[in-house]
Amino acid sequence: MTIAPLRHHARAAWSDSRLLYALEEVVEAELNRHLKVAKEWMPHEYVPWSDGRNFDGVMGGEAWAPEQSKVTDIGRTALVVNLLTEDNLPSYHHEIASLFGRDGAWGTWVHRWTAEEGRHGIVMRDYLLTSRAVDPVALERFRMQHMSEGFESDNRHSMLHSVAYVAFQELATRISHRNTGHHSGDPVCDRMLARIATDENLHMVFYRNLLGKAFELAPDQTMSAVRDVVVGFRMPGHGIPGFERAAAQMAIGGIYNLRIHHDDVLQPVLRFLKVLEITGLGPEGLRAQEELGLFMGGLDAEATKFDERREALLARRRARAGKA
């Protein structure tokens with residue numbers, strides 16, 4: 001019996017389990033590539049231990065004061081947000097282990113990713129406390145509150161949505177760390193965050209390449225997932241206490257804002273995968289592709305308006321500083 005090929009409107013949807021199985025070989029190949037290019041590094045080598053001294057409390061040391069910090073005000077804000085984001089690693093591990101599984105190449109990647117991400121939290125906290133960059137009491141209270149509330153991904157309902165999300169999120173995290181280092185005012189901090197950003201970039205490449213294969217297997221579903229993720233994108237630290245205020249300060253300070261999000265995070269991934277140029281899509285995929293293109297155009301316009309408001313605000317600040 002001859003089976004007629006499926007028409008676009010009759011494409012069967014891929015289940016999570018079927019996609020996981022179909023992508024297993026790609027995961028193994030990407031894992032092997034990652035292990036070849038990833039370089040071993042030691043968190044303790046990036047911490048200025050000689051700057052450390054006891055804090056007040058049971059050790060009877062010196063209480064923290066803002067003037068002890070070597071980093072800029074915006075640097076302190078961004079460092080706290082970035083570290084608290086890293087602190088939720090147990091929740092992130094639970095999410096991806098539940099979605100991707102703990103067996104085979106998927107499981108090996110899940111554990112390797114978790115181990116590498118763990119170094120980021122270790123080195124950042126050691127640096128912050130040793131250099132007295134931030135208030136240790138406030139930092140610990142934020143950590144307890146943030147982790148006690150738990151974390152649930154916006155994309156936990158779908159393996160494909162989760163892969164699409166992390167392809168963008170890993171790059172967003174890299175950019176946030178890198179810009180925080182540049183604006184920190186401390187070369188030691190800048191060097192540490194550059195090392196972390198290198199890891200985040202390798203993680204992005206892993207997921208980006210995986211997403212590219214998903215487009216080959218299930219183009220309509222993948223296009224819809226990318227559309228959903230891009231339109232509803234939120235950083236994983238959105239539940240951090242005071243996140244909205246901190247995010248606004250980071251946006252004005254040039255750490256992470258609409259222009260950076262559009263130009264340095266969304267566009268590079270979309271361009272590399274040629275997402276808006278993919279042909280042969282069915283009605284669902286075409287609609288998602290069109291909506292994605294319209295959203296990106298609108299986001300670019302919003303980013304331009306933000307740039308204008310930001311520059312006007314900074315000009316007023318410079319004028320006030322000049323008068324003072």
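In this text the structure is predicted, and so the values were computed from the model without any measurement.
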task = Would you check if there is a donor-acceptor pair between the side chains of E284 and Q221 at a distance under 3.5 Å?
result = no
ask   = Any chance the side chains of D126 and H44 put a donor and an acceptor closer than 3.5 Å?
value = no
request  = Consider only side-chain N and O atoms of E200 and H120, and report whether a donor and an acceptor are under 3.5 Å apart.
outcome  = yes
inquiry  = Any carboxylate oxygen within less than 4.0 angstrom of a Lys/Arg side-chain nitrogen, looking at R259 and D264?
reply    = no
message = Would you say S176 and N82 are linked by a side-chain donor-acceptor pair, where the criterion is simply a distance under 3.5 Å?
response = yes
query = Taking the six-membered ring for Trp, are H93 and H111 parallel (under 30°), tilted (30 to 60°) or perpendicular (over 60°)?
reply = tilted
inquiry  = Donor-acceptor pair, distance only, cut-off 3.5 Å: does the side chain of T130 make one with the backbone of W49?
reply    = no
ask   = With distance as the sole criterion, is a donor-acceptor pair present between the side chains of E244 and H238 under 3.5 Å?
value = no
task = Please round to the nearest 0.5 Å and tell me the distance separating atom CG of L211 and atom NZ of K213.
result = 13.0 Å
Student check: side-chain heavy atoms of V81 and M235 closer than 4.5 Å = no
request  = Check the side chains of D199 and W41 for a donor-acceptor pair under 3.5 angstrom, ignoring hydrogens and angles.
outcome  = yes
inquiry  = Side chains of D73 and T77, heavy atoms from C-beta outward: is any pair under 4.5 Å?
reply    = no
message = Are more than 12 heavy atoms, taken from residues, nucleotides or ligands other than R141, located less than 6.0 Å from that residue's CZ atom?
response = no
query = Heavy-atom count around R245 CZ within 6.0 Å, excluding the residue itself: above 12?
reply = no
NZ/NE/NH1/NH2 to OD/OE distance under 4.0 Å, E40 and R119 = no
query = Between D300 and F295, does a side chain to side chain contact (heavy atoms under 4.5 Å, CB included) hold up when you go through it step by step?
reply = CA-CA 9 Å; D300 186 34; F295 176 82; over 6 Å; no
query = Is there a side-chain contact between H261 and L299 (heavy atoms, below 4.5 Å)?
reply = yes
task = State whether F272 and R208 meet the cation-pi test: NZ (Lys) or CZ (Arg) under 6.0 Å from the six-membered ring centroid, and within 45° of the perpendicular axis.
result = yes
query = What do you reckon, is OH of Y21 surrounded by more than 12 foreign heavy atoms closer than 6.0 Å?
reply = no
message = Using a 3.5 Å distance criterion without hydrogens, assess whether the side chain of Q68 forms a donor-acceptor pair with backbone atoms of A63.
response = yes
request  = Answer with yes or no whether the side chains of E308 and T304 bring together a donor and an acceptor at under 3.5 Å.
outcome  = no
Ion pair check, E291 and R227, cut-off under 4.0 Å = yes
ask   = So do M204 and Q169 actually touch side chain to side chain, heavy atoms under 4.5 Å?
value = no
task = Check step by step if side chain to side chain contact (heavy atoms under 4.5 Å, CB included) holds for F55 and V137.
result = CA-CA 10 Å; F55 287 99; V137 175; over 6 Å; no
key: D87 CG to Y92 OH distance, which is reported to the nearest 0.5 Å   = 8.5 Å
key: Nearest-0.5 Å distance, NZ of residue K70 to OG of residue S184   = 11.5 Å
task = May I ask you to decide if G253's main-chain N or O and H183's side chain share a donor-acceptor pair within less than 3.5 Å?
result = yes
message = Is it the case that the ring center of Y165 lies less than 6.0 angstrom away from the ring center of F233?
response = yes
task = With rounding to the nearest 0.5 Å, note down the distance linking CG in L99 to CG in L160.
result = 11.0 Å
query = Does the cation-pi check pass for R18 over W14, that is, NZ or CZ under 6.0 Å from the six-membered ring centre and within 45° of its axis?
reply = yes
task = Please check if V231 and L270 belong to a single hydrophobic cluster, counting links between Ile, Leu, Val, Met, Phe, Trp and Tyr side chain heavy atoms closer than 4.5 Å.
result = yes
query = At what distance, to the nearest 0.5 angstrom, does CG of L31 lie from NZ of K36?
reply = 11.0 Å
inquiry  = Do E30 and E25 make a side-chain contact, defined as non-hydrogen atoms from C-beta onward lying under 4.5 Å apart?
reply    = no
inquiry  = Using ring centroids (six-membered ring only for Trp), state whether F206 and W113 fall under 6.0 Å.
reply    = no
I240 side chain reached by N88 side chain, heavy atoms, under 4.5 Å = no
ask   = Is the number of heavy atoms from other residues, nucleotides or ligands under 6.0 Å of E140 CD greater than 12?
value = yes
ask   = Crowded around R53 CZ? As in, over 12 foreign heavy atoms under 6.0 Å?
value = yes
ask   = Would you say the side chains of H34 and E116 form a donor-acceptor pair under 3.5 Å?
value = yes
task = Side-chain contact test, heavy atoms from C-beta onward, threshold under 4.5 Å: evaluate it for R178 versus L193 and give yes or no.
result = no
task = Kindly indicate, with the supporting measurements, whether the criterion side chain to side chain contact (heavy atoms under 4.5 Å, CB included) is fulfilled by F215 and K274.
result = CA-CA 10 Å; F215 266 114; K274 296 181 171 58; over 6 Å; no
ask   = At what distance, to the nearest 0.5 angstrom, does CD of Q289 lie from OG of S224?
value = 10.5 Å
query = Would you call E28 and E24 a side-chain contact if the rule is heavy atoms closer than 4.5 Å?
reply = no
